[in-house]
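As structure tokens, the structure follows; a few thoughts come after it.
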Protein chains: 2
Amino acid sequence: MAGSKSLTGGVSNLDEMSVIEPVCAVFRRTLKGAGLKYTLERAQILDAVMRQPGLFHADELIRGLKQEGFRVSKATVYRTLKLMQDSGIIQRVLFDDDDAGRYQVVFGTSASDLLIRTDNGEATQIELPELRALCEKICARHGLTLKGHRLQVFAAPE
Amino acid sequence: MAGSKSLTGGVSNLDEMSVIEPVCAVFRRTLKGAGLKYTLERAQILDAVMRQPGLFHADELIRGLKQEGFRVSKATVYRTLKLMQDSGIIQRVLFDDDDAGRYQVVFGTSASDLLIRTDNGEATQIELPELRALCEKICARHGLTLKGHRLQVFAAPE
DNA sequence: CTTGGTGCAAACATTTTGCAGCACA
DNA sequence: TGTGCTGCAAAATGTTTGCACCAAG
């Protein structure tokens, strides 16, 4: 991770990044579909994003990238983050006050569901399979097709 | 600094809060409990908020107030909005890109649940009674007490 | 008086955009 | 050659804060 370019580049050789593979493909496909390119910077950012533990701040991400020696500008990071949203790889999350800039990886997980502790803000990804059916039901009732969902459960100890 | 700091200590039970008790009373009680005052401006803002159809933007609210002849500053509006969040009367909502500044009245409704059309951004409040039990189950599994939840269902026609 | 509230404007944090140069199809 | 990409810095949002003054207990 400290080297120069051990990225998912995809042009030729890869490293031992396994989680990233499918996401990478999705991202690339989406980009290509829009006439955009899968550049080194975008690969680096995707890589960094997938390495994030659940939730992350755009700011942290940027700092992390710089710390690892990558020279990406925040403009590019934000631009890429937006592209990733469009590709359905990540989504913005806001669960309480003052939580701007918070993102979450949603690709390859059913991780739109969060359990959030109101006492310390800690967020855990939860699994709630039954929810899917509920959402589908609601959509059907409105004559719509389910595209996704997001649940935030707030709780405290005691 | 993640958790919210409730003025009276954990308002929370939004879902079962009876519709009967006027929001005004709750707000007032909460304020008093924190040694704060229920001023004219706060009343005006609360009033305007309750008049909002579901979701609203802080910005719209401010414009609306000014248009009605009230001379409240945005600073006061934001300060009051925050107080209302702490009282559990409203909550911030972010369901997609670019939706900062969006709020929702949650008092007296089980309205943390939204059906959002991905094609035009239109948001409808939905009723999903079964969800409550699911949330409770999850909380129990983690040894926590349910404080509230928020669901966003994304869907499109076709 | 003392505590809190308000408006205003400046400050902030986050995200976006204009621009010039660069890279690759 | 053109189209897209990048970094930088400036701009644009959305929200908060410092300050001086006002209002009520």
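As the structure is a prediction and not an experimental result, all values here were calculated from the model. Here is the naming used below: chain letters follow the sequence lines, and residue numbers restart at 1 for every chain.
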| query | Which part of the nucleic acid does A/Leu81 contact within heavy-atom distance under 4.0 Å: base, sugar-phosphate only, or nothing? | reply | nothing

| field | Integer-rounded Å distance: C/dG5 P and B/Ile45 CD1 | value | 12 Å

| Spacing of A/Leu61 atom CG relative to C/dA13 atom C1', expressed in whole Å | 17 Å

| note | Residues in residues 64-75 of chain B with a heavy atom under 4.0 Å of DNA chain C, by number, are B/Arg71, B/Val72, B/Ser73, B/Ala75

| Any sub-3.5 Å donor-acceptor pair from A/Arg28's side-chain atoms to A/Tyr38's backbone N or O? | no

| Which residue, B/Glu41 or A/Lys37, contacts DNA chain C at a nucleotide closer to its 5' end, judged by nearest heavy atom? | B/Glu41

| Is there a side-chain polar atom (N or O) of B/Lys82 under 4.0 Å from OP1 or OP2 of D/dT16? | yes

| query | In whole Å, what is the span from the NE2 atom of A/His57 to the C1' atom of C/dT15? | reply | 15 Å

| Under 4.0 angstrom between B/Thr39 side-chain N/O and D/dA23 OP1 or OP2 | no

| task | Round to a whole Å and report the spacing from CG of B/Leu46 to P of C/dG5. | result | 16 Å

Could you list the donor-acceptor pairs under 3.5 angstrom formed between side-chain atoms of residues 66-73 of chain B and any protein atom two or more places apart in sequence or on another chain?
from: B/Ser73; atom 1: OG; to: B/Thr76; atom 2: N; distance (Å): 3.3
from: B/Ser73; atom 1: OG; to: B/Thr76; atom 2: OG1; distance (Å): 3.2

| request: Give a yes or no on whether a salt bridge exists between B/Arg79 and B/Glu41, defined as a side-chain N under 4.0 angstrom from a carboxylate O. | output: no

| task | Using atom CD of B/Glu60 as one end and atom P of D/dT15 as the other, report the distance to the nearest whole Å. | result | 12 Å

| query | Can you find a heavy atom in the side chain of B/Val26 that is under 4.5 Å from one in the side chain of B/Arg29? | reply | yes

| query | How many Å lie between CG on A/Leu31 and P on D/dT6, as a whole number? | reply | 10 Å

| query | Rounded to the Å, how far apart are B/Tyr78 OH and C/dG7 C1'? | reply | 15 Å

| query | Would you say B/Thr80 and B/Thr39 make side-chain contact, with heavy atoms under 4.5 Å? | reply | no

| query | What integer distance in Å separates B/Ile62:CD1 from D/dT16:C1'? | reply | 12 Å

| Quick one: does A/Arg79 reach the base of D/dG4 with a side-chain donor-acceptor pair under 3.5 Å? | no

| query | Within less than 4.0 Å of OP1 or OP2 of C/dT6, is there a side-chain N or O belonging to B/Arg42? | reply | yes

| Presence of salt bridge, A/Arg51 and A/Asp47, under 4.0 angstrom | yes

| task | Give a yes or no on whether a salt bridge exists between B/Arg63 and B/Asp59, defined as a side-chain N under 4.0 angstrom from a carboxylate O. | result | yes

